[in-house]
Novice: 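Submitted below is the structure of interest, expressed as structure tokens.
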Amino acid sequence: MNPKHHDTFSADKSRTLINTIIAKISKVGKWRTKFIAQTLMLFLLVRGRCNFANVARYGFCHEHTARRNFERSFDWFRFNAELIMEHSSENRINVFDPSFIPKSRKKTPHVGMFWSGTSGKALSGLEIGGIAMVDLNRNTALHLEAVQTPSAKELKEQGKTLVDHYVKILVDRKDILEKISKYLVVDGYFGKSKFFDGILENTKLEIITKLRNDADLQYLYRGKQKKGSGRPKKFSGKVDWKNLPPEQWETTVIDEDTRLLSAILWSPTLKRELRIVVVQEMKNGALIRYAVLASSDITLSPKMIFEYYASRFQIEFLFRDAKQFAGLTDCQARNENKLDFHFNASLTAVSVAKVAHFFETPTESVPTYSLADIGMAYFNEFFADFFFSKLDIEPKSEKITAVLPSLLSFGLIHRG
């Protein structure tokens, strides 16, 4: 159903988009394509938990059929990369961030102790390493791929560390990531030499991250070298974070409450030069707090480093939306392939909804929206189709046409 007078949140837009992308990336059968498209819609419209039993209640296919198809692989990374290349602006960055997924069953693959940012401690469950793209013009993230993290026990048996695993995920996908953007933005956990070396030596990506507020950094010596046969002087002292000499730092004022101090410094820990940006939060001219950002690209401007890192948080909103509105944490399967399909389908459903309904709007006039509205509109459309088909009612009749807009917008927060 796609009435001309109410098609803002029509599921037909998303289905058409999905079918178009699948047709570009691979030879997927007609039924499989229909299953993928319908599944992504169901992740948004299902009321209650998005599990096999509940999905089957909506009548698209039998529960066992859904389970079998969730076990079959699908190239989510290529699908989402095509979606991004086709519909995002060129002003974008790559973002990587792990996310904790609650899971209580001990028989589930990769269950272990993982850090939960919400709880502020390590909990038993699963973790996915989320790769996303942030469109800086729209300041929103689109999903690329979610990869499950092995438990500490599994990594030990493989002779790998957690950082080794994260590096491999990104290096294996470097060809597409490099096409999306030359920049990879990560949080402070990744300010480690093993991560920097692994990414910078094996890809063309540049890293932007956050360092500790007491990071060990040194000023580079810029003066004249003494004549003689001795080693040239390279450093002129360690950074004292309580006393930053104005002659060593370039100042950029963002607004009356935010200013940036920037310098190219040496990191003994990472064994390389970095563009360091100290973000100072001010109040009435006094320093309240500061954060230390770092870029492996020393030519990048301080303002861009600040904006890129600030945009990194859009991946957190992507995880939040998938958890609240697309059943990211609802999967009850214990099979690794089914879990992978579920995680990626949930996050992809959020991305498809964003592109289908809001990326066609000019960036300067993007409306206020909620995925709750999209899910409710999809459900209303689904239920109306179901109701009319069971009662053999013609939805284009004059009486139905008169009340259809209010029916399809029932429960929406924003009806305009």
Side-chain angles (χ1 to χ4, degrees), residues 18 21-22 25-44 46 49-56 58 60-83 96 98-112 114 124-132 143-155 157-158 160 162 165-166 168-173 176 318-319 322-323 326-352:
I18 294 165
I21 297 297
I22 291 179
I25 65 171
S26 59
K27 294 181 180 179
V28 179
K30 186 176 180 180
W31 195 93
R32 178 67 169 169
T33 299
K34 181 181 178 182
F35 179 83
I36 297 292
Q38 191 67 26
T39 298
L40 294 180
M41 298 302 96
L42 287 171
F43 266 88
L44 294 169
V46 165
R49 294 179 66 86
C50 193
N51 52 37
F52 294 122
N54 209 11
V55 167
Y58 281 71
F60 172 63
C61 65
H62 193 276
E63 179 180 344
H64 296 303
T65 303
R67 288 180 181 273
R68 286 196 303 271
N69 276 273
F70 268 53
E71 193 165 3
R72 292 175 60 188
S73 64
F74 181 73
D75 196 344
W76 294 107
F77 183 71
R78 193 175 170 197
F79 175 94
N80 286 302
E82 186 67 34
L83 183 72
F96 178 76
S99 181
F100 176 76
I101 305 293
K103 195 72 173 177
S104 59
R105 296 179 178 178
K106 296 181 180 179
K107 298 295 183 181
T108 304
H110 308 316
V111 164
F114 295 102
S124 178
L126 298 175
E127 181 187 86
I128 54 174
I131 312 171
H143 176 61
L144 269 165
E145 188 176 9
V147 182
Q148 293 180 66
T149 304
S151 66
K153 181 180 179 181
E154 291 169 327
L155 287 170
E157 291 173 350
Q158 298 171 15
K160 297 180 180 179
L162 193 55
H165 169 73
Y166 294 147
K168 188 176 188 305
I169 289 175
L170 297 165
V171 171
D172 287 349
R173 294 156 179 80
I176 297 296
L318 178 64
F319 289 140
K323 289 176 180 179
L328 180 62
T329 61
D330 291 349
C331 187
Q332 296 177 338
R334 293 185 293 173
N335 177 283
E336 183 174 358
N337 291 341
K338 292 175 184 176
L339 288 166
D340 179 82
F341 190 100
H342 182 103
F343 296 147
N344 280 287
S346 171
L347 289 158
T348 300
V350 174
S351 293
V352 167

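Each residue takes its place number in the sequence, starting with 1.
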Novice: Begin with the C-alpha distance, continue with both residues' side-chain angles, and end with the deciding distance and a verdict on side chain to side chain contact (heavy atoms under 4.5 Å, CB included) for F70 and T39.
Specialist: CA-CA 10 Å; F70 268 53; T39 298; 3.9 Å; yes

Novice: Before giving the answer on side chain to side chain contact (heavy atoms under 4.5 Å, CB included), spell out for K323 and S99 the whole-Å C-alpha distance, their side-chain angles and the decisive distance to 0.1 Å.
Specialist: CA-CA 11 Å; K323 289 176 180 179; S99 181; 3.2 Å; yes

Novice: State, with a plain yes or no, whether a side-chain heavy atom of N335 is found less than 4.5 Å away from one of R67.
Specialist: no

Novice: With a 4.5 Å heavy-atom cut-off, do N344 and F74 have their side chains touching?
Specialist: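 Contact flag for N344/F74 side chains = no.
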
Novice: Show your reasoning for whether side chain to side chain contact (heavy atoms under 4.5 Å, CB included) applies to L42 and C50.
Specialist: CA-CA 8 Å; L42 287 171; C50 193; 5.7 Å; no

Novice: To the closest 0.5 Å, what do you measure between CG (L155) and CG (L162)?
Specialist: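 The CG atom of L155 sits 6.0 Å away from the CG atom of L162.
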
Novice: Apply the test side chain to side chain contact (heavy atoms under 4.5 Å, CB included) to residues E145 and N80: give CA-CA distance (whole Å), side-chain angles for both, the deciding distance (0.1 Å), then the verdict.
Specialist: CA-CA 8 Å; E145 188 176 9; N80 286 302; 5.9 Å; no

Novice: Taking side-chain contact (heavy atoms from CB on, under 4.5 Å) as the criterion, tell me which of L170, I169, I176, V171 meets it with R173.
Specialist: I169

Novice: Could you tell me the separation between the CD atom of E154 and the NE2 atom of H110, rounded to the nearest 0.5 Å?
Specialist: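 One gets 5.5 Å once the value is rounded to the nearest 0.5 Å.
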
Novice: Hey, could you give me the NE2/CG distance between H143 and L83, rounded to the nearest 0.5 Å?
Specialist: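 Answer for the NE2-CG pair, H143 versus L83, is 11.0 Å.
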
Novice: Locate the shortest heavy-atom distance separating G112 from S151; write the atom from each residue and the value.
Specialist: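 So the minimum-distance heavy-atom pair works out to CA-CB, 4.1 Å.
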
Novice: With rounding to the nearest 0.5 angstrom, report the NE2 to CD distance, H165 to E127.
Specialist: 7.5 Å

Novice: Determine yes or no for a side-chain-to-main-chain donor-acceptor pair under 3.5 angstrom, with E82 supplying the side chain and I25 the backbone.
Specialist: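 No.
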
Novice: Between atom CD of Q332 and atom CG of N54, what is the distance when rounded to the nearest 0.5 Å?
Specialist: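 The CD atom of Q332 sits 9.5 Å away from the CG atom of N54.
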
Novice: Listed by chain and number, what are the ring pair (Phe, Tyr, Trp, His ring centres under 6.0 Å) partners of Y166, not counting sequence neighbours?
Specialist: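 Ring pair (Phe, Tyr, Trp, His ring centres under 6.0 Å) check on Y166 returns F96, F190.
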
Novice: What heavy-atom pair brings A349 and L40 nearest, and what distance separates the two atoms?
Specialist: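 Heavy atoms of A349 and L40 come nearest at CB-O, 3.5 Å.
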
Novice: Please examine the side chains of V147 and I128, heavy atoms only from C-beta on, and report whether any two atoms are closer than 4.5 Å.
Specialist: no

Novice: Should the ring pair W76 and F79 be called parallel, tilted or perpendicular, given that the plane angle runs from 0 to 90° and is split at 30 and 60?
Specialist: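 The arrangement is perpendicular - the two ring planes meet at more than 60°.
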
Novice: Under 30°, 30 to 60°, or over 60°: which ring-plane class applies to H342 and F43, parallel, tilted or perpendicular?
Specialist: perpendicular

Novice: Looking only at heavy atoms, which two atoms of L126 and F114 are closest? And how far apart?
Specialist: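 Heavy atoms of L126 and F114 come nearest at C-CD1, 3.8 Å.
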
Novice: Minimum heavy-atom separation for G327 and S346, please, with both atom names.
Specialist: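 Nearest pair, atom of G327 first, then S346: C-OG, 4.0 Å.
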
Novice: To the closest 0.5 Å, what do you measure between NZ (K103) and CG (L339)?
Specialist: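 Answer rounded to 0.5 Å: 5.5 Å.
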
Novice: Please find the pair of heavy atoms, one from A326 and one from V350, that lie closest to each other, and give the distance.
Specialist: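 In this case the closest contact between A326 and V350 is CB-CG2, 3.9 Å.
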
Novice: Under the rule for ring pair (Phe, Tyr, Trp, His ring centres under 6.0 Å), what residues qualify as partners of F35, not counting sequence neighbours?
Specialist: W31

Novice: Does some side-chain heavy atom of V111 sit less than 4.5 Å from a side-chain heavy atom of S124?
Specialist: yes

Novice: Identify the two heavy atoms, one from F341 and one from R72, that lie closest to each other, and give their separation to 0.1 Å.
Specialist: CD1-O, 3.8 Å

